[in-house]
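Some notes on the structure that comes next.
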Protein chains: 2
Amino acid sequence: MNDSSDEGAERGTPSPRTEDTPRKGTRRKDARRNKETLLDAAAQLFVTSGVDAPVRDIAARAGVGLGTIYRHFPTRADLIIAVYRHQVESLAEAGPRLLAAAGSPHAALARWTDLFVDFLVTKHGLAAVLQSDNTGFETLHSYFLDRLLPVCTELLDAAAAAGEIRPGLTAYQLMRGVGNLCVGAESDTRYDARRLVALLVVGLRGDVMPQA
Amino acid sequence: MNDSSDEGAERGTPSPRTEDTPRKGTRRKDARRNKETLLDAAAQLFVTSGVDAPVRDIAARAGVGLGTIYRHFPTRADLIIAVYRHQVESLAEAGPRLLAAAGSPHAALARWTDLFVDFLVTKHGLAAVLQSDNTGFETLHSYFLDRLLPVCTELLDAAAAAGEIRPGLTAYQLMRGVGNLCVGAESDTRYDARRLVALLVVGLRGDVMPQA
DNA sequence: CGACGATACGGAACATGGTTCCGCTTAGCA
DNA sequence: TGCTAAGCGGAACCATGTTCCGTATCGTCG
């Protein structure tokens, strides 16, 4: 996974960087490592404690100081957005990897869907956080679709080609369905979205015996 | 407008209140007055500064201390809910009053709609605030429909009976339409929901000349 | 290899906003 | 006219985002 955060749009200063720099944000590798650590820590904490997790907790979990967070991510919202992009990226890369590593395409699809649910749980708090910069949210959302739909399609196609699932379900339908199953997953302990999603994926295989 | 806030469900203590107390929350009238003042101040501030208006600002606007707020409304969310109910109540009472006072039923409808927009602006921030107690939000929402639909219907019927508007629009359709026009009205200065709503209401009168 | 400057780091200090506490005031009653 | 409990104001407290700055470390250059 590459940096994938705020390096895309350079600061106003026309830095005399040689043109062929291999797009790493910084020269010191401890800084890059810390950034990664932070993104991971934040992602984990967002899953367990929601996007409202205090910045201090994230710093503690990552084992860094507050200053470190704020140098990498000028603002809390920036961190959240970075986590979001980071997760989209991970998810996109996980597709082919799982396909290669898992026992079967369907198993890969199941594992991928599970990761997707993690992502959605993080995502849901997002809209509330991004009230201010809601154009940024639109951008993010389209980025999310552009990046992930092909990956999901690939997983579905592979499973279909292997004859492991009944064909005809589009990636968009699946992702939308999973997304909807996850709506309101927080703040309701009686509701287990993950289980329902798992059932859905199992149901995708045609070999479950009908009831009678 | 009566108290309309947290008196409905009594605290756990079985207070030895005589059974025929005329359901006023408190014995001292300054307290009741302060509560009203607070609800009004909060409502105004919510319109101009959003539901995120600091408690201190509300206290200042109402000319009371912080303690006063927190005695009447144990928590920020309680205050917001109370304002919501209070506004629904005001809106419900405003219907007949406007009908009696305004020059024509259509004028009454126009004024009422304007008040309704004020209310919606306040309302939209609400969902975010009530993450925790989302059952309470459902309750509130149905209360809102139950209370307001008849009022709006009465206004529409009066205007229709006076021949001032083209008939056939239900109260639900109107309220829903206005509500949708107001979605996202905050955080976008280029969008003036109020103007669009006004246009809609004007359009309700049939006497605008078609273009050709 | 050692010095040195830029880069990054940690965390104290600050700002802001919700909530609690408590001594003082006052309405309502006898 | 007192008395007393209900109310009141606002200082103090706590939690959280953000800034600042002295210190530590990396990477380079002599």
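All chains are named by letter (A, B, ...) in the order of the sequence lines, taking the proteins before the strands, and each is independently numbered beginning at 1. All of these numbers come straight from a predicted model, not from anything done at the bench.
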Carboxylate-amine/guanidinium proximity below 4.0 Å for A:Asp192 and A:Arg194: no

Phosphate contact (C:dG28 OP1 or OP2) by B:Lys29 side-chain N/O below 4.0 Å: yes

Under 3.5 Å donor-acceptor pair, B:Arg56 side-chain atoms to C:dT16 base atoms: no

Minimum-distance nucleotide to B:Ala31 side chain [options: C:dG10, D:dC8, C:dA12]: D:dC8

Distance test, side-chain N/O of B:Tyr70 to OP1/OP2 of C:dT20, below 4.0 Å: no

Minimal non-hydrogen separation, B:Ala159 against B:His106, with atom names: CB-N, 4.3 Å

Contact under 4.0 Å: A:Asn34 side-chain N or O vs C:dA8 OP1/OP2: no

Between C1' of D:dT18 and CG of A:Asp78, the distance in whole Å: 12 Å

For atom CD1 of B:Ile69 and atom P of C:dG17, their distance in whole Å: 14 Å

Rounded interatomic separation in angstrom, taking CG from A:Leu38 and P from C:dA8: 14 Å

Under 4.0 angstrom between A:Arg76 side-chain N/O and D:dG17 OP1 or OP2: yes

Presence of B:His72 side-chain N/O under 4.0 Å of D:dC8 phosphate oxygens OP1/OP2: yes

Parallel, tilted or perpendicular: rings of A:Phe116 and A:Phe144 (30°, 60°): parallel

Between D:dT25 (P) and A:Arg71 (CZ): distance, integer Å: 14 Å

Side chains of A:Thr170 and A:Gln173, donor plus acceptor under 3.5 Å: yes

Distance-only donor-acceptor test, B:Arg28 side-chain atoms vs D:dA6 base atoms, 3.5 Å: yes

Euclidean distance, atom CZ of residue A:Arg27 to atom C1' of D:dC26 [Å, nearest integer]: 10 Å

Side-chain N,O (A:Thr75) to OP1/OP2 (D:dT18) below 4.0 Å: yes

Which residue lies more 5' along DNA chain D, comparing A:Pro54 with A:Gly67 via nearest heavy atoms: A:Pro54

Nearest-angstrom distance from the residue atom CG of A:Asp30 to P of D:dT23: 19 Å

A:Lys35 NZ to C:dT7 P, straight-line distance once rounded to whole Å: 15 Å

Value in whole Å for how far the C1' atom of C:dC9 lies from CZ of A:Arg33: 12 Å

Residue pair A:Val151 / A:Gly95: nearest heavy atoms and the distance that separates them: CG1-CA, 3.7 Å

